[in-house]
Asker: 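To start, I am sharing the structure in question, which I have written as structure tokens.
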Amino acid sequence: MAYYLFFLNAWGSIPLACALAFICTVLSRWLLKGLPILRRASAAQASAELLRIAGLPDADAGAELTALIAARWPGEDFRLAPVLKHPEATMTSGDVLNAWKSNRDAQRLVVAATCPCEPRARVFARQLSGPVVAVMDSYRLTRLLRALPADCLPRPSRPSLGSRLSMLCASAASARPSLRSALLILALLSSYMVSGSAWYLFPALAVAAHTGVALVRHGVGRRLFDAD
């Protein structure tokens, strides 16, 4: 906004002021990113780091998470209970209860999860005592990781085209085929045959492809490890 007002007062042209303000903003961000103090870890780096921690043994993951939290709150005395799940999973009240029961001899317990925490589980954790419980889920841990310099975390490798296509197919097959999908395909094809408009044909083909992928993915399979 400051750039825009400066160039508007200097040149008196709104389009020119917008263009120059945009260029200066891009250059300013590029220069600021070059400063070491501002080169913080990215969201992709933090996500990859959480996934790596989730795959570690409990003892190793607990040690790394303890060091991460202790660096943010030095001097705090706590015991950490790791809940190692895939970042797309969720931590439930049952996970919190199990961690609390396994650490009844502690005074203060931090339940650190590599996945999001359900709202009910967070409320349940606040009601516990002996020990009192604090929840550090993936959202809070990601903020701690992103506060680190970018050089402290490895840069995640970009997935290959085949991996991205596989993820796209998996997303398409996430919903089970239903009668509603079949009826929608028939309705779109009927509309196409009546009107001859491609606006009905292409959606019908898209829904049919989605349903076909779902049928294949939800089949039993001939072999155990080829079922998925």
Side-chain angles (χ1 to χ4, degrees), residues 35-159 163 166-167 170-171 173-176 217-218 224-225 227-228:
L35 296 177
I37 193 173
L38 296 178
R39 287 203 298 263
R40 299 300 185 185
S42 64
Q45 286 179 290
S47 298
E49 182 66 8
L50 279 182
L51 184 58
R52 183 191 68 82
I53 294 176
L56 294 176
D58 288 0
D60 296 338
E64 293 198 17
L65 292 174
T66 299
L68 178 65
I69 296 173
R72 173 61 178 83
W73 290 281
E76 292 282 353
D77 183 26
F78 62 89
R79 181 184 297 179
L80 186 134
V83 177
L84 305 179
K85 291 187 176 184
H86 192 277
E88 294 184 0
T90 56
M91 181 170 64
T92 64
S93 300
D95 297 322
V96 175
L97 179 62
N98 291 333
W100 176 76
K101 290 173 62 177
S102 301
N103 296 273
R104 292 298 303 272
D105 57 330
Q107 293 185 351
R108 296 195 296 178
L109 177 67
V110 174
V111 181
T114 55
C115 61
C117 178
E118 292 182 354
R120 291 183 179 180
R122 193 180 300 277
V123 173
F124 173 68
R126 294 173 182 169
Q127 298 172 352
L128 296 174
S129 60
V132 294
V133 177
V135 172
M136 293 290 296
D137 63 352
S138 60
Y139 293 113
R140 301 186 69 182
L141 292 176
T142 297
R143 295 183 63 180
L144 296 184
L145 289 170
R146 293 200 65 183
L148 298 175
D151 297 337
C152 293
L153 300 179
R155 292 191 176 276
S157 58
R158 187 175 182 180
S163 299
S166 298
M167 291 297 295
S171 299
S174 59
R176 293 184 179 273
R217 296 288 293 182
H218 285 93
L224 174 62
F225 290 99
D228 292 330

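Throughout, numbering of the chain's residues begins at 1 and tracks the sequence.
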Asker: Look up atom CG in Leu144 and atom CD1 in Ile69, then write down how far apart they are to the nearest 0.5 Å.
Answerer: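 Reported to 0.5 Å precision, the distance equals 7.0 Å.
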Asker: Rounded to the nearest 0.5 Å, how far does CZ of Arg72 lie from CE of Met136?
Answerer: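 Rounded to the nearest 0.5 Å, the CE-CZ separation comes out at 8.5 Å.
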Asker: Is there a side-chain contact between Val111 and Asp95 in this structure, where contact means two heavy atoms from C-beta onward sitting under 4.5 Å apart?
Answerer: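 Side chain of Val111 against side chain of Asp95, heavy atoms only: no contact under 4.5 Å found.
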Asker: Could you give the distance from CG (Leu50) to CG (Leu65), rounded to the nearest 0.5 Å?
Answerer: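 Between Leu50 CG and Leu65 CG, I get 8.0 Å after rounding to 0.5 Å.
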Asker: Check whether Thr114 reaches the backbone of Lys85 with its side chain - one donor and one acceptor, N or O, closer than 3.5 Å.
Answerer: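 Indeed, once roles are kept as given, a pair shorter than 3.5 Å links the two residues.
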Asker: Given Val96 and Met91, is the side chain to side chain contact (heavy atoms under 4.5 Å, CB included) satisfied, shown in steps?
Answerer: CA-CA 8 Å; Val96 175; Met91 181 170 64; 4.3 Å; yes
Asker: Please tell me if the side chains of Leu68 and Ile53 come closer than 4.5 Å, counting only heavy atoms from C-beta onward.
Answerer: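 No - every pair of side-chain heavy atoms lies 4.5 Å or more apart.
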Asker: For residues 96-115, which residue pairs pass the salt bridge (Lys or Arg N to Asp or Glu O under 4.0 Å) check, not counting sequence neighbours?
Answerer: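 Applying salt bridge (Lys or Arg N to Asp or Glu O under 4.0 Å) to every pair that reaches into residues 96-115, excluding sequence neighbours, yields Glu76-Arg108, Arg79-Asp105.
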Asker: Any side-chain heavy-atom pair from Phe124 and Leu97 closer than 4.5 angstrom?
Answerer: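 Phe124 reaches Leu97 side chain to side chain.
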Asker: Any side-chain heavy-atom pair from Leu84 and Leu56 closer than 4.5 angstrom?
Answerer: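 The answer is no; the side chains never approach within 4.5 Å.
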Asker: What is the minimum heavy-atom distance between Thr90 and Cys115, and which atoms define it?
Answerer: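 Distance-wise, the nearest heavy atoms are C-SG, 3.6 Å.
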Asker: Can you list every pair that meets side chain to side chain donor-acceptor pair (under 3.5 Å) and has a residue in residues 131-145, with sequence neighbours left out?
Answerer: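 Every pair satisfying side chain to side chain donor-acceptor pair (under 3.5 Å) with a residue in residues 131-145: Arg122-Asp137.
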Asker: How close do Leu109 and Trp100 get, heavy atom to heavy atom, and via which atoms?
Answerer: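 Taking every non-hydrogen atom into account, CD2-CA, 3.8 Å.
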Asker: Taking all non-hydrogen atoms of both residues, which atom of Thr92 and which atom of Ala121 are closest, and how far apart?
Answerer: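 It is C-CB, 3.5 Å.
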Asker: Calculate, to the nearest 0.5 Å, the distance between atoms CG and OG belonging to Asn98 and Ser93 respectively.
Answerer: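 Reported value, rounded in 0.5 Å steps: 11.0 Å.
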Asker: Can you give me the closest heavy-atom contact between Pro87 and Leu51, atom names plus distance?
Answerer: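 Nearest pair, atom of Pro87 first, then Leu51: CD-CD1, 3.6 Å.
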Asker: Can you list the residues that meet the side-chain hydrogen bond (donor to acceptor under 3.5 Å, both in side chains) rule with Gln107, with sequence neighbours excluded?
Answerer: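 Applying side-chain hydrogen bond (donor to acceptor under 3.5 Å, both in side chains) to Gln107 gives none.
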